[in-house]
There are 2 protein chains.
Amino acid sequence: MNTDQLNQHEALLVKNGLKKTGARLRVLDILSGSEAAASQPDIEHVVGKDIDRVTLYRILKTFEEKGIIHRIIDNQGTANYAFCHNNCSEHAHHDEHLHFNCVNCQKVYCIDNAHLPHFKLNLPPGFSLQQLSFVATGRCENCSKLTEQK
Amino acid sequence: MNTDQLNQHEALLVKNGLKKTGARLRVLDILSGSEAAASQPDIEHVVGKDIDRVTLYRILKTFEEKGIIHRIIDNQGTANYAFCHNNCSEHAHHDEHLHFNCVNCQKVYCIDNAHLPHFKLNLPPGFSLQQLSFVATGRCENCSKLTEQK
DNA sequence: TAAACAATTGCAACAAAATTGCGTTTATAT
DNA sequence: ATATAAACGCAATTTTGTTGCAATTGTTTA
């Protein structure tokens with residue numbers, strides 16, 4: 001319940017021509033609070049009955065369309081959401097992302113400050129590249145600590 | 001209906017201790033026929049009533065477990081399947097993959113012969129890397145030809 | 001080649017996830 | 001304070017994925 005953050009979130013909504021509603025602020029709060037990206041099921045679980053499931057779908061959808069958050073599909077096909085940092089605009093994401101997907105807890109981490117090499121990718125003829133992203137899989141910090149967990 | 005290919009597929013099943021059934025051979029045939037990976041909905045659509053939906057799920061699952069095919073989740077969260085080439089074993093995929101996901105038709109292509117750089121990824125402390133893969137998005141050959149298609 | 005056995009399949013029922021329509025409520029501008 | 005469009009919640013529906021079980025089929029072996 002940080003006041004600064006609340007104001008920041010409200011400003012974010014206004015900036016994008018969205019009404020300041022409790023449900024939306026709640027979602028923004030959840031996304032701010034988690035270090036990793038938040039999975040849709042997780043968000044759903046956290047908000048419980050406070051926000052209708054349909055409303056949640058729609059909130060996430062409009063946030064994504066406005067470029068406030070971006071959606072990351074993890075290795076199991078589950079949608080995860082995180083704030084857009086860096087160069088995300090409403091219409092395109094121009095940077096090279098790196099996402100880390102933990103094989104144990106399935107959490108998705110956006111690694112912003114990893115040094116990523118720029119290189120020319122040679123695709124088959126006719127293929128045009130719009131974006132390149134890196135997906136690392138392995139064990140996150142928490143799960144590395146757990147011994148012998150399958 | 002290539003005879004050579006049929007024998008090859010039958011051998012593949014036998015090698016993995018699986019019975020030669022019509023449904024399985026059909027799935028292998030479909031996967032062989034498509035240049036890109038085949039999405040689960042596509043396969044389902046192609047086979048129609050010939051193979052029960054549940055059976056298809058199970059076939060794909062066992063094929064994946066045996067390391068015959070691998071599953072690729074595309075940007076929409078849809079499962080796609082393709083044969084394992086290269087260094088796939090039953091238990092792990094050791095190579096660095098490159099997948100191309102078309103933003104227009106959503107098809108997933110496994111790009112095997114692209115030169116991928118090897119580099120040391122610096123992850124946050126505690127994170128251990130098991131695999132790194134590359135996901136390129138853009139327009140595939142077919143969709144590049146189409147003018148102004150949204 | 002026939003019997004025996006386990007693997008595989010299909011069906012039905014179920015559960016979970018996602019979508020649509022619509023009436024009501026609410027935030028914001030006037 | 002009121003008008004208005006946006007946002008929400010509920011109900012119904014569709015789509016997707018799972019489970020259990022009985023019937024069938026492929027393969028082994030006698």
Side-chain angles (χ1 to χ4, degrees), chain A residues 6-7 9-31 38-66 68-69 71-81 90 106 108, chain B residues 6-7 9-30 37-66 68-69 71-81 90 106 108:
Chain A
L6 179 60
N7 288 333
H9 290 167
E10 289 185 347
L12 190 58
L13 291 178
V14 172
K15 194 181 75 177
N16 286 279
L18 301 173
K19 291 183 177 174
K20 292 181 284 186
T21 70
R24 283 173 175 165
L25 289 169
R26 182 80 194 281
V27 172
L28 291 178
D29 190 51
I30 291 170
L31 292 175
S39 75
Q40 172 137 1
D42 278 356
I43 301 174
E44 211 171 304
H45 179 255
V46 174
V47 300
K49 288 205 319 154
D50 298 351
I51 304 178
D52 186 80
R53 212 157 60 90
V54 177
T55 303
L56 181 57
Y57 275 105
R58 294 196 265 231
I59 288 177
L60 293 171
K61 185 154 175 279
T62 61
F63 280 3
E64 197 195 355
E65 285 167 356
K66 293 293 186 178
I68 298 173
I69 61 178
R71 185 177 61 159
I72 310 152
I73 303 292
D74 70 17
N75 292 331
Q76 311 305 313
T78 304
N80 291 61
Y81 294 92
E90 182 160 345
Q106 300 300 333
V108 174
Chain B
L6 179 59
N7 289 332
H9 290 167
E10 290 185 346
L12 190 58
L13 292 178
V14 172
K15 193 180 76 177
N16 286 280
L18 300 173
K19 290 184 178 174
K20 291 181 285 187
T21 69
R24 285 174 175 163
L25 289 169
R26 183 77 193 283
V27 171
L28 292 177
D29 190 53
I30 291 169
S39 76
Q40 173 136 2
D42 278 356
I43 302 176
E44 211 171 305
H45 179 256
V46 174
V47 300
K49 288 205 321 155
D50 298 350
I51 304 179
D52 186 79
R53 214 161 55 91
V54 178
T55 302
L56 182 58
Y57 274 105
R58 293 197 265 232
I59 287 177
L60 293 171
K61 185 155 173 277
T62 62
F63 279 4
E64 196 194 356
E65 285 168 356
K66 293 292 184 177
I68 297 173
I69 61 178
R71 185 178 60 159
I72 309 153
I73 303 293
D74 70 19
N75 292 332
Q76 312 304 316
T78 304
N80 292 60
Y81 294 91
E90 182 160 346
Q106 299 301 331
V108 173

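Sequence lines set the chain letters: A, B, ... in the order given, protein chains first and strands last, and positions in each chain run from 1.
- Distance L60(B) CG to dT8(C) C1': 15 Å, rounded to the nearest Å.
- Put simply, R53(B) has no side-chain N or O that comes within less than 4.0 Å of OP1 or OP2 on dG10(C).
- Rounded to a whole Å, the CG atom of L25(B) is 13 Å from the P atom of dT8(C).
- Per the geometry, CG belonging to L56(B) stands 13 Å off C1' belonging to dG10(C), to the nearest Å.
- Nearest heavy-atom pair across G77(A) and I73(B) is CA-CG2, 3.6 Å.
- At whole-Å resolution of the value, CG in D52(A) and P in dT25(C) are 15 Å apart.
- Between R26(B) atom CZ and dG10(C) atom P there is a gap of 12 Å when expressed in whole angstrom units.
- Of all heavy-atom pairs between A79(A) and P41(A), the closest is O-CD, 4.3 Å.
- Closest to the side chain of V54(A), out of dC8(D), dT28(C), dG21(C), is dG21(C).
- A donor N or O paired with an acceptor N or O is found under 3.5 Å between the base of dG9(D) and the side-chain atoms of R58(A).
- Here T62(A) does not reach the OP1 or OP2 of dA7(D): none of its side-chain N or O atoms lies under 4.0 Å away.
- Heavy-atom minimum distance, L18(A) versus R24(A): CB-NH1, 3.6 Å.
- Mapping A79(B) and V14(B) onto DNA chain D by nearest heavy atom places A79(B) at the nucleotide closer to the 5' end.
- As a whole-Å value, the separation of L18(A) CG from dA5(D) C1' is 13 Å.
- Residue R24(B) places at least one side-chain N or O under 4.0 Å from the OP1 or OP2 atom of dT8(C).
- As judged by a 4.0 angstrom heavy-atom cut-off over every strand, T21(B) is placed among residues touching the sugar-phosphate backbone only.
- Summarising the geometry, the separation between NZ on K19(B) and P on dT24(D) is reported as 15 Å, rounded to the nearest angstrom.
- Protein atom CG of L13(A) is 13 Å distant from nucleotide atom C1' of dT28(C), rounded to whole Å.
- Counting all heavy atoms, side chain and backbone alike, Q106(A) lies closest to D74(A) at O-OD2, 3.8 Å.
- The nearest pair of heavy atoms linking L13(B) to K20(B) is CD1-CA, 3.9 Å.
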